[in-house]
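All values reported here derive from a predicted model rather than from experimental measurement. We name chains A, B, ... by the order of the sequence lines, and we start the count at 1 in each one.
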Amino acid sequence: MNKIKNEAITTQSQDFAQWYTDVCRKAELMDYSDVKGFIIYRPYGYAIWENIQKYLDGKFKEKGHENVYMPLVIPTSLFQKEKDHIEGFAPETLIATIGGSQKLEDPLIIRPTSEVLFCDHFAKIVSSHRDLPKLYNQWCSVVRWEKTTRPFLRGSEFLWQEGHTIHESEVEARTHALDMLKVYETMGKDILAIPFLTGTKTEKEKFAGAEQTFTIEALMPDGKALQSGTTHYFGQGFAKVFNIQFQDKNNTLQYVHQTSFGVSTRLIGSVIMAHGDDNGLNLPPRIAPIQVVIIPIQPNQPGVLQKAAEIENRLKAIGLRVKLDKSDKTPGWKFAEYEMKGIPLRLEIGPRDLKAGMISGAFRFNHAKFSLEDSALEKETLLMLDDIHDAMYQRALTYLLDHTTEVKTMEELDHVLNVKLGYAKMMWSGDQKDLDLIKEKFQATARALPFNQTPFAATCLVSGKPAKYVVIIARAY
RNA sequence: CGGGAUGUAGCGUAGCUUGGUAGCGCGUCUGUUUUGGGAACAGAAGGUCGCAGGUUCAAAUCCUGUCAUCCCGACCA
């Protein structure tokens, strides 16, 4: 029953990285293009992104954001204004140097992120405290010339959303950055069925140009962490460089306080790894492009196809995303195929069910089979999809908790990173040199300073100096 | 950017050592029978052997270069 039916997919235990790539391609989420790092988002993969977009776009608008669209290209002279920012991104920019047949005086950088465009624009449109806050969001793609690329996890081009906001006060801006982190965290719980580790990034890991960076980190089954989204408090750094000023209520000129935040199609990679298994993809119901697949058994028998179509229509009528597979593949083939594609719920209708007035089916995530009364179809299906979501979230949460370990010695750290796998929670002096040592020894980095900073030891695990922070260490994607 | 591996039909591969008509499995198409966990039979289509040079009467095969993908590092959402 649980043995591997699809020989084409490498098993996770054989080679987790290869398993991941196999799933991406076999489930038809993406395809490679002719340019390294630039992937084709196929309909099934893109539909997952659309579902994430739909959810987030709604949440952003609830928070008062407006969508805008900035240019694809940034003049080099503009990009270079903020020092830390350019230092962070310069090594991975793609630059257009020719327009038509003429060499460009000021070469155009294909945006790796749009901070400077927003800043430049904000400076022009803001003059009074009455203009604030400005809460903008942009859906677009960005380009970063990456050396190593993997589908969804790291591409030279990826789709994302970038929010950019400016505020009158530091408190308001900081609160907003944390609010948006909460939106991301809730998204994990609501639709991705992924519990995120949340916290603050260390000085070294924070965004180029930010004063403070917050993060959501997902723990993958191979024990590695995947940074899945970040929000930033920029302070007034960009505002001063780009001269984004306003007159406050006391008639004095002030610089705005700024934030930005983003999540990308990397979330798809996160979902693939967090929930997938040796049978392939396993999608949480709320982002699954197809939530229910209906498989007619012996479709030539009287009434079977009609019933299958009726079920399809009834489920569509209550707003579900449904597919009825009328093709002449055998049922066994279809079962395996739709498991591989991660469709959360399968319904089967055949002569046996017709006679009994029942509908058979199975869950993708745990392979459990069931049978339900025809009359209860709508009600039961909705309940089951919610149950599947909750169970998937719980399973991921249990994994996260089981794989978050407090460590007090180098030996324990070694054990967590190399044997037990997952997050190592340790006390840290606050000196980056101590973390550098860990990186050198274990190729692991600080993922976050968790918001819960309750100390559990007095000294830093590495240096023995007085401990300042609780920090989460892991290998990362 | 360093180290390793691989490019032959949509996918997986044989052939390469020793140059001589490009083969197999899966998938695809047509038809018939099937159908409750990856069906059977019959017929058919599908190839610039990654690309570019070179050696040769002759190159998938030998030589040089190049590109891409994957893996492992360093760098990064």
> For the base of B:rG36, is there a side-chain donor-acceptor partner from A:Lys369 under 3.5 Å away?
Replying inline: no
> Between B:rG38 atom C1' and A:Ile297 atom CD1, what is the distance in whole Å?
Replying inline: 13 Å
> Mind checking the C1' distance from B:rC49 to B:rC16? Whole angstroms is fine.
Replying inline: 11 Å
>> Please classify the nucleic acid contact of A:Thr230 as base, sugar-phosphate, or nothing, using heavy-atom distances under 4.0 Å.
In response: nothing
> Hey, is the side chain of A:Thr113 pairing donor to acceptor with the base of B:rA77 inside 3.5 Å?
Replying inline: no
> Using purine N1 to pyrimidine N3 plus N6-O4 or O6-N4 for Watson-Crick, or N1-O2 and O6-N3 for G-U wobble, both under 3.5 Å, which nucleotide pairs with B:rG46?
Replying inline: none
> CD1 of A:Ile52 versus P of B:rA77: gap in Å, rounded?
Replying inline: 20 Å
> Rounded to whole angstrom units, what separation is found between the CZ atom of A:Arg150 and the P atom of B:rC76?
Replying inline: 18 Å
> A:Asp353 side chain: which of B:rG38, B:rC70, B:rG36 is closest?
Replying inline: B:rG36
> Looking only at atom C1', what distance separates B:rG19 and B:rC62, rounded to whole Å?
Replying inline: 8 Å
>> Can you say whether a donor on the side chain of A:Arg25 sits under 3.5 Å from an acceptor on the base of B:rG10, or the other way round?
In response: no
> Counting only distance, no hydrogens or angles, is the base of B:rC76 paired donor-acceptor with the side chain of A:Arg144 under 3.5 Å?
Replying inline: no
> A:Arg42 CZ to B:rG10 P: how many Å, rounded?
Replying inline: 14 Å
> Just how far, in rounded Å, is P of B:rC76 from CZ of A:Phe158?
Replying inline: 14 Å
> So what does A:Glu92 hit on the nucleic acid, given a heavy-atom distance under 4.0 Å: a base, only sugar-phosphate, or nothing?
Replying inline: sugar-phosphate
> On a whole-Å scale, what distance lies between the P atoms belonging to B:rA60 and B:rA9?
Replying inline: 14 Å
>> In whole Å, measure the gap between the P atoms of B:rU56 and B:rG10 for me.
In response: 34 Å
> Cut-off 3.5 Å, side chains only: do A:Arg266 and A:Gln227 have a donor facing an acceptor?
Replying inline: no
> Can you check the A:Gln301 CD to B:rU35 C1' distance for me, whole Å?
Replying inline: 10 Å
> What is the pairing partner of B:rC24, taking Watson-Crick or G-U wobble pairs with both distances under 3.5 Å in any strand?
Replying inline: B:rG12
> Would you say the base of B:rU35 and the side-chain of A:Asn300 have a donor-acceptor pair closer than 3.5 Å?
Replying inline: yes
>> Could you identify the nucleotide paired to B:rC51, looking across every strand shown and requiring Watson-Crick or G-U wobble geometry with both distances under 3.5 Å?
In response: B:rG65
>> Can you tell me the base-pairing partner of B:rA60? Count Watson-Crick or G-U wobble geometry only, both distances below 3.5 Å, and say none if there is no partner.
In response: none
> Counting only Watson-Crick or G-U wobble pairs whose two distances fall under 3.5 Å, which nucleotide matches B:rG73?
Replying inline: B:rC1
> Can you tell me how far P in B:rA39 sits from the matching atom in B:rU35, rounded to whole Å?
Replying inline: 12 Å
>> Quick check: A:Phe122 with A:His164 (ring centres under 6.0 Å apart)?
In response: no
> If we call it a pair only when both distances are under 3.5 Å in a Watson-Crick or G-U wobble match, what pairs with B:rU17?
Replying inline: none
> Parallel, tilted or perpendicular: which describes the rings of A:Phe242 and A:Phe238, with under 30° parallel and over 60° perpendicular?
Replying inline: parallel
>> Ignoring hydrogens and geometry beyond distance, is a side-chain donor-acceptor pair present between A:Arg447 and A:Thr445 at under 3.5 Å?
In response: yes
>> Roughly how many Å apart are B:rA42 and B:rU61, using the P atom of each and rounding to a whole number?
In response: 37 Å
> Using purine N1 to pyrimidine N3 plus N6-O4 or O6-N4 for Watson-Crick, or N1-O2 and O6-N3 for G-U wobble, both under 3.5 Å, which nucleotide pairs with B:rU32?
Replying inline: B:rA40
> Are any of A:Lys329's side-chain N or O atoms less than 4.0 Å away from OP1 or OP2 of B:rU28?
Replying inline: yes
> What about A:Phe261 and A:Phe207, are their ring centers closer than 6.0 Å?
Replying inline: no
>> Quiz question: going by heavy-atom distance under 3.5 Å, is there a donor-acceptor pair between the base of B:rG37 and the side chain of A:Glu339?
In response: yes
> Between A:His257 and A:His176, is the gap from one ring center to the other below 6.0 Å?
Replying inline: no
> Under the 6.0 Å and 45° cation-pi test, does A:Arg154 pair with A:Tyr477?
Replying inline: no
> Is there a donor and acceptor pair, one atom on the side chain of A:Thr330 and one on the base of B:rG38, closer than 3.5 Å?
Replying inline: no
> When the P atoms of B:rA44 and B:rG25 are considered, how many whole Å apart are they?
Replying inline: 14 Å
> Taking OP1 and OP2 of B:rC75, is either one under 4.0 Å from a side-chain nitrogen or oxygen of A:Lys439?
Replying inline: yes
>> Over all strands shown, is A:Phe89 touching base, sugar-phosphate only, or nothing at heavy-atom distances under 4.0 angstrom?
In response: nothing
> Please, which pairs that meet side-chain hydrogen bond (donor to acceptor under 3.5 Å, both in side chains) have at least one residue in residues 44-56 of chain A, sequence neighbours excluded?
Replying inline: A:Tyr55-A:Asp190
> What interatomic distance, in whole Å, is found between P of B:rA5 and the corresponding atom of B:rC63?
Replying inline: 15 Å
> Can you check the A:Leu226 CG to B:rC76 C1' distance for me, whole Å?
Replying inline: 13 Å
> Between A:Lys147 (NZ) and B:rC76 (P), how many Å, whole number?
Replying inline: 9 Å
